[in-house]
Structures are given as C-alpha cells and as structure tokens.
Amino acid sequence: MGLLKQGFVPWLVGVLFLISLLFCRADVHHYEFFVRESNFTKLCNTTTLLVVNDSYPGPEIRVHRGDTVYVNVHNQGDYGFTIHWHGVKQPRNPWSDGPEFVTQCPIQPGTNFTYEVILSDEIGTLWWHAHSDWTRGSVQGAFVILPAENETYPFPTPDADQTIILQSWYNGDYKQIIDEALATGTSPRQPDAYAISGHLGDTYGCPNDTIFRMQVDYEKTYLLRIINAAMNEEKFFAIVNHNLTVVAQDASYVQRFTSDYLLISPGQTMDVLVYANQNIGQYYMATRPFSDSAAPPIDNITTGVFYYTNSVGGLNASLITLPAINDANASNNFVSQIRNANVTQNPPLKVPTDIDRRVYIAIATNNLPCNTSECLNSVRFAASLNNVSFLFPRIDILQAYYNRSTNGVFTEDFPLEPPVFYDFTGNLTVLGRAADEGTRAVVLNYGEAVEIVLQATELGAGGSHPIHLHGFSFYRVGTGFGNFNNVTDPSSYNLVDPPLINTVHVPRRGWAAVRFFANNPGVWFMHCHFERHSSWGMDTVFIVRNGTTAETSILPPPPGMPRCPGT
C-alpha cells in the first residue's frame with residue numbers, strides 16, 4: 001500500500017497528536033435550513049427561486065476547525081434536492097456528502113433530513129450548495145471555518161472579515177432551465193446577469209437593483225472570503241487601486257502572494273487580505289467572467305463598492321481594470337503562483353511519490369442521439385470523461401455499494417486511460433463526437449497512492465475545466481500545455497510545495513496532474529463544476545474500499561436516510 005510504503009504510520013501518529021492539541025475542545029453546532037420558494041426582484045423583474053431560509057445567498061455557517069455541524073434540512077419546496085458541503089472531506093462519512101443519486105436520494109417535499117458534517121483539517125473558507133439538477137444556483141451559502149482554540153492565523157490577524165460570493169443570476173427557475181435544455185438536447189441559456197452576494201450592481205440598467213457595499217476603516221486589514229458560486233463561469237475579481245494578498249485556497253493556507261486581480265473557478269474558494277491604505281474614498285470592486293472556450297459566456301462586468309468610513313465623492317466606472325474575458329495569460333499566470341504554505345496550521349505535507357494507481361482522463365464535450373419528441377435536433381449535447389458520459393442511476397450508488405446490491409446500479413470498470421489516443425489538443429473538427437453512456441466507477445484500495453492526470457481536449461468547444469473531487473483534498477503536482485507525456489512531464493512536477501486543493505483548474509489545450517492517498521473509504525463523486533458539463537455527463541465516481549480496521553471503514557448509515565422514488 002502506498003501509505004505504508006511511504007512512512008504513513010509515524011506520519012499519522014504525528015498528525016493525530018497535532019490534531020489532539022488543536023482540537024481538544026471541538027464543539028457541536030446545530031442549524032435549521034428551511035428550503036422553499038421565495039420571490040426576488042432583480043433586473044426590474046420578479047422571479048421565484050428555491051432558497052434556504054428565504055435568503056439569497058443562504059445563511060452562513062460559521063464554526064471552528066475540527067467542529068461537527070448538524071444541519072436539519074426541511075424541504076418545503078415542490079421537488080426533491082440534496083445539499084453538499086463543498087470541500088469538507090467528511091472522513092468515513094459519505095452518507096452526508098450530498099450528491100444526488102451518488103451518495104443519497106433526494107430529500108422529498110414535505111420531509112426533512114439531518115446532515116452530519118464532520119470537519120477535520122479544513123481551515124478558512126468553504127461553502128455549501130444544493131447538488132441536484134441546477135438548484136445550487138439559488139440554494140447556496142458560505143461555510144466559514146475559523147481557527148481552533150489556541151490556534152492562530154499564519155499571518156497578522158485581520159481586523160475583520162467579509163464573505164463575498166460570486167454568482168450567476170437567471171430570471172427564472174434554475175431547475176426548469178436545465179430540465180428544458182436536457183429535454184430539447186440544447187445548451188442551457190446564458191445567465192441574465194452576474195451577482196456579488198445577491199446584488200447585481202449598477203451596470204445592468206435597472207434603477208432598482210442594489211449594489212454590494214463593504215465599509216472599511218482607514219489603515220485596517222480585512223480578510224475577504226471569496227467563493228465562486230457561478231454556474232458555468234470562471235471569474236476575474238479586483239478592487240480598484242487595492243492589491244489583494246492571497247493567503248488560502250480551498251480551505252488550506254498557501255504561500256502569500258500579492259496581485260491586482262484574482263482568477264477563481266466555480267467551486268473554488270480563496271481567502272484574501274486587503275489593506276485599506278488608499279486615499280479615503282469609494283472604490284469599485286468588480287468581477288467578470290474568464291473563458292478560453294469557443295462558447296464563451298456573456299461578458300458582463302458586475303460591480304460592488306469598497307468604501308472608507310467618512311468617504312465623500314462618487315465612483316468612476318472608467319477606473320475599473322480587469323483582464324479581458326479571454327486573457328488566458330492572466331489566468332495561467334495567476335494559477336501558477338499558488339503554492340502550499342509550510343506553516344504548522346496546514347496538514348503536514350505528504351505528497352505521494354511512489355504511485356500505486358494512475359488514472360489518465362481525457363475531458364470532452366460530445367453529441368449523442370436525441371430521439372424524443374421534444375428534441376430540436378437529431379443529436380443532443382453531452383460530455384464525457386474517457387469517452388464515458390455519466391448516467392445517474394435511480395438508486396444511489398453508495399447505498400448499492402454498501403448493501404452489496406450493485407447489479408444494474410453501476411459497474412466498476414471506468415477506463416483508467418482514454419480508449420483511443422489522438423492529438424487531444426489539436427484540430428479535432430473532423431473527429432467524431434460520439435460517446436458511450438454508463439454509470440462506471442473507479443475502485444481504489446484503501447491507502448493507495450493515486451495520481452489523476454486530467455487532459456483537456458479540443459473536442460467540442462474546448463476550453464478550461466474546473467474539476468472537483470468529493471471526499472478529498474489533493475495536491476496539484478503539475479500542469480502544462482499540449483498532450484501529457486507520461487515520460488517527460490512528470491520530471492516537471494512540484495513535489496516540494498504543491499497546493500492542497502479540492503477543485504483544480506485544467507487549462508485549455510493542456511493538462512493538470514493531482515495526487516492523493518486514498519485514505520477516506522466511501523463513494524466519492526468527481527465532476528466538472530461547470531454545471532452544464534456535469535449535467536451532460538462530465539462526471540465519474542471513485543470508490544475507496546474499506547481498510548482492515550473499523551477506524552478505516554465507512555461509518556454505518558444514519559437513521560432516516562432519504563428513500564429513492566419508487567423504493
């Protein structure tokens with residue numbers, strides 16, 4: 001086993017000792033989520049959305065490192081859904097991870113389910129969101145993890161912190177939008193606007209729209225907790241005349257670096273310090289999408305206001321400077337600066353070196369036959385990993401695996417490399433775009449050292465992809481352009497200080513390599529965090545078998561797991 005081969009036992013003892021010191025007074029928190037339809041007026045139009053506790057975004061969970069959180073979710077809406085605690089590893093507890101028909105069945109209208117969210121070494125900012133259809137577009141909120149008792153920040157303690165959630169806004173029901181697109185075989189429509197923490201700003205022409213405002217005091221330091229909750233858009237973000245110092249990504253500290261803009265993919269979170277050291281006044285904060293795809297999103301800039309106490313005067317929109325929507329150099333330059341911080345508050349660096357299992361995955365968008373009466377064409381949009389377009393079963397995979405009743409639910413034969421090798425990053429306009437459909441999983445032994453190479457292809461519209469793996473943080477050990485070469489490219493890997501993340505940016509015409517130890521038994525979803533791609537099948541499942549002890553095995557299911565329709 002990879003863990004044993006690389007000195008895992010003494011490392012684990014040290015980690016457990018550190019955890020016992022830091023988490024000696026872990027607390028238990030309880031939240032009540034009431035999920036129902038509420039009306040919101042934006043863009044001079046009233047829209048009914050499914051939200052939590054009548055708010056968009058939903059309530060913030062704020063706890064300390066190592067705590068346990070129970071969230072009782074009451075479905076008072078019209079259809080079933082689930083909730084995922086994005087970036088929380090949930091050790092041995094896939095039952096509360098949340099992806100619909102992967103680890104649970106949807107919570108049906110008129111029922112409730114209590115999630116047990118088990119925190120371990122996560123620190124900083126994460127988030128929660130629905131994991132059914134497109135309901136995460138409105139069912140979402142921040143998950144803030146403060147330092148544990150007797151633990152400090154690895155940087156000067158900020159004077160205050162502020163959560164900023166970047167969002168896509170649609171005039172319409174999010175579930176209905178994707179349901180109609182899937183039924184007709186077409187791409188879902190573009191958003192009507194982008195939002196900052198529920199505010200559309202002053203660039204869309206409706207005088208009743210509100211703008212996000214953050215008040216600061218001169219010479220104070222603020223920690224911004226930035227979440228990209230957009231549906232299909234990577235985002236640039238900046239504050240006019242202010243530098244941003246990145247200190248954490250995906251609930252792990254990184255080596256501090258300063259930039260005048262951020263690039264953040266859907267699903268990712270970043271903790272950023274900003275110093276209120278400019279002339280007292282009002283300054284725009286702004287966000288716009290980044291896309292290197294042949295099918296880019298709407299290029300709208302959404303604004304907020306970063307204003308000093310006692311400031312006077314107006315704002316000057318001409319001062320907003322953001323990279324262009326297609327500035328791939330700005331995107332790649334930003335991502336390249338993110339490295340793991342050698343601080344005691346981070347988990348001890350343990351990068352797998354001797355690999356037990358390699359998985360090489362080609363990412364593509366595809367076409368499949370469209371044969372229903374609602375289809376607008378003979379083919380429909382699809383997406384795939386290694387030419388397998390994921391089909392969601394009607395009984396969740398975790399239940400079938402745990403009960404050893406896998407027949408007809410899933411198979412354990414996801415291809416560990418592309419079935420056909422070709423020039424993935426070349427001109428593929430003449431290449432067929434068909435894919436196979438299936439519910440096929442990768443099965444890992446407990447403790448294996450795993451490497452996944454994610455290869456972007458030009459099949460379809462091309463472009464970057466944010467790939468998220470549930471149940472783990474992984475080390476991004478390498479990234480590059482062109483077709484991955486398994487002989488020469490590993491020599492460029494960073495095994496010294498690779499960032500520990502849960503969502504990786506795979507660049508257009510390029511690849512990214514991640515590594516982790518399979519030390520969390522359970523069923524774990526991996527998918528593109530562009531929701532249209534995930535809805536089309538750009539997903540798979542990693543199953544980690546139990547270890548040899550009770551402490552390395554899946555916890556038993558909690559009482560009251562939602563039942564699948566028809567069972």
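Among all heavy-atom pairs drawn from Ser187 and Ala181, the shortest one is C-CB, 4.1 Å. Scanning all heavy atoms of the two residues, the minimum distance from Gly438 to Val388 falls at O-CG1, 4.0 Å. For Leu500 against Ser252, the heavy-atom pair with the smallest separation is O-CB, 3.4 Å. Between Gln345 and Tyr253, the shortest heavy-atom distance links the atoms CB-CE1, 3.5 Å. Closest non-hydrogen pair, Val506 versus Leu454, comes out as CG1-O, 3.6 Å. Ala362 approaches Pro418 most closely through the heavy-atom pair CB-CG, 3.9 Å.
For the pair Ile363/Gln455, no side-chain contact is recorded, criterion being any heavy-atom separation below 4.5 Å from C-beta on. The shortest side-chain heavy-atom distance between Arg476 and Val504 falls under the 4.5 Å cut-off. Side chains of Asn494 and Arg339 form a contact here, defined as non-hydrogen atoms less than 4.5 Å apart. Val477 has its side chain within reach of Leu495: a pair of non-hydrogen atoms, C-beta onward, lies under 4.5 Å apart. A heavy-atom distance below 4.5 Å is found between the side chains of Pro94 and Ile554. Between Ile397 and Pro393 the shortest side-chain heavy-atom distance falls below 4.5 Å. Residues Ile452 and Val450 meet the side-chain proximity criterion, which asks for heavy atoms closer than 4.5 Å.
Ring orientation note: the planes of Tyr360 and Phe484 are tilted relative to one another, at an angle of 30° to 60°. Between Trp127 and His129, the ring planes lie tilted relative to each other; the angle falls in the 30° to 60° range. Using bins of under 30°, 30° to 60° and over 60° for the plane-to-plane angle, the ring pair His527/His131 lands in the perpendicular bin. Ring-plane geometry between Tyr261 and Phe236 is classed as perpendicular, the angle between the planes exceeding 60 degrees on a 0 to 90 degree scale with a lower cut at 30. Between Phe143 and Trp85, the ring-plane angle classifies as perpendicular under the 30° and 60° cut-offs.
Here CG of Asp179 is found 5.5 Å from CG of Asp133. Values are rounded to the nearest 0.5 Å. Distance check, rounded to the nearest 0.5 Å: CZ of Phe530 to CG of Asn232 gives 7.0 Å.
Results of the side-chain contact (heavy atoms from CB on, under 4.5 Å) test with Met526 over Phe542, Phe414, Phe390, Phe472 single out Phe542 as the only residue that passes. Checking Asp292, Ile298, Asp299 one by one against Ile325, the side-chain contact (heavy atoms from CB on, under 4.5 Å) holds for a single residue, Asp299. A ring pair (Phe, Tyr, Trp, His ring centres under 6.0 Å) with Phe392 holds for exactly one of Trp536, Phe525, Phe410, Phe101; it is Phe525. Of the listed residues (Asn519, Asn502, Asp121, Asn520), just one forms a side-chain hydrogen bond (donor to acceptor under 3.5 Å, both in side chains) with Lys89, and that residue is Asp121.
With sequence neighbours excluded, the residues forming a salt bridge (Lys or Arg N to Asp or Glu O under 4.0 Å) with Asp413 are Arg440, listed by chain and number. For Ser331, the side chain to side chain contact (heavy atoms under 4.5 Å, CB included) partners are Leu263, Phe290, His505, not counting sequence neighbours. Checked against side-chain hydrogen bond (donor to acceptor under 3.5 Å, both in side chains), Trp524 has no partners two or more places apart in sequence or in another chain. By the ring-ring contact (aromatic ring centres under 6.0 Å, His included) test, Tyr493 pairs with no residue at all, sequence neighbours left out. For the ring-ring contact (aromatic ring centres under 6.0 Å, His included) test, residues two or more places apart in sequence or in another chain that qualify with His465 are His533. Legend: residues meeting side-chain hydrogen bond (donor to acceptor under 3.5 Å, both in side chains) with Asp97, ordered by chain and number and at least two apart, are His84, His470. Taking Phe237 as the reference, nothing meets the ring-ring contact (aromatic ring centres under 6.0 Å, His included) condition, with sequence neighbours excluded. Evaluation of the ring-ring contact (aromatic ring centres under 6.0 Å, His included) rule for Phe481 yields no partner, not counting sequence neighbours. With sequence neighbours excluded, no residue forms a side-chain hydrogen bond (donor to acceptor under 3.5 Å, both in side chains) with Asn386. For Thr503, the side-chain hydrogen bond (donor to acceptor under 3.5 Å, both in side chains) partners two or more places apart in sequence, or in a different chain, are His86, His468.
The environment of CG in Asn333 is crowded: more than 12 heavy-atom neighbours from other residues, nucleotides or ligands sit within 6.0 Å.
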Checklist entry - Taking it one step at a time, do Arg136 and Glu100 satisfy salt bridge (Lys or Arg N to Asp or Glu O under 4.0 Å)? => result CA-CA 12 Å; Arg136 82 161 176 87; Glu100 186 178 60; over 6 Å; no

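At a cut-off of 3.5 Å, with distance as the only test, a side-chain donor of Ser132 or Thr82 sits close to an acceptor on the other residue. Between the side chains of Arg433 and Asn366, no donor N or O sits under 3.5 Å from an acceptor N or O. With no hydrogens or angles considered, a side-chain donor-acceptor pair links Thr245 and Thr258 at under 3.5 Å. Asn486 and Asp489 share no side-chain donor-acceptor pair at under 3.5 Å. For the residue pair Thr186 / Thr184, a side-chain donor-acceptor distance below 3.5 Å is found, with atom types taken as modelled. A donor-acceptor contact closer than 3.5 angstrom is absent between the side chains of Gln337 and Gln255.
Looking only at distances, no side-chain donor or acceptor of Glu180 sits under 3.5 Å from a matching main-chain atom of Ile177. Checking side-chain atoms of Thr365 against main-chain N and O of Leu459 turns up a donor-acceptor pair under 3.5 Å.
For Trp95 and Tyr402, the ring centers sit closer than 6.0 Å to each other. Proximity of the aromatic rings of Phe334 and Phe257 is defined here by a centroid distance below 6.0 angstrom, and this criterion is met.
The cationic atom of Arg515 (NZ for Lys, CZ for Arg) does not lie both less than 6.0 Å from the six-membered ring centre of Phe474 and within 45° of the ring axis.
Evaluation of the salt bridge (Lys or Arg N to Asp or Glu O under 4.0 Å) test over residues 452-475, restricted to residues two or more places apart or in two chains, returns Glu458-Arg508, Glu458-Arg509. Contacts classified as salt bridge (Lys or Arg N to Asp or Glu O under 4.0 Å) and involving residues 224-239 (residues at least two apart or in different chains) are given here: Asp161-Arg225, Arg225-Asp271.
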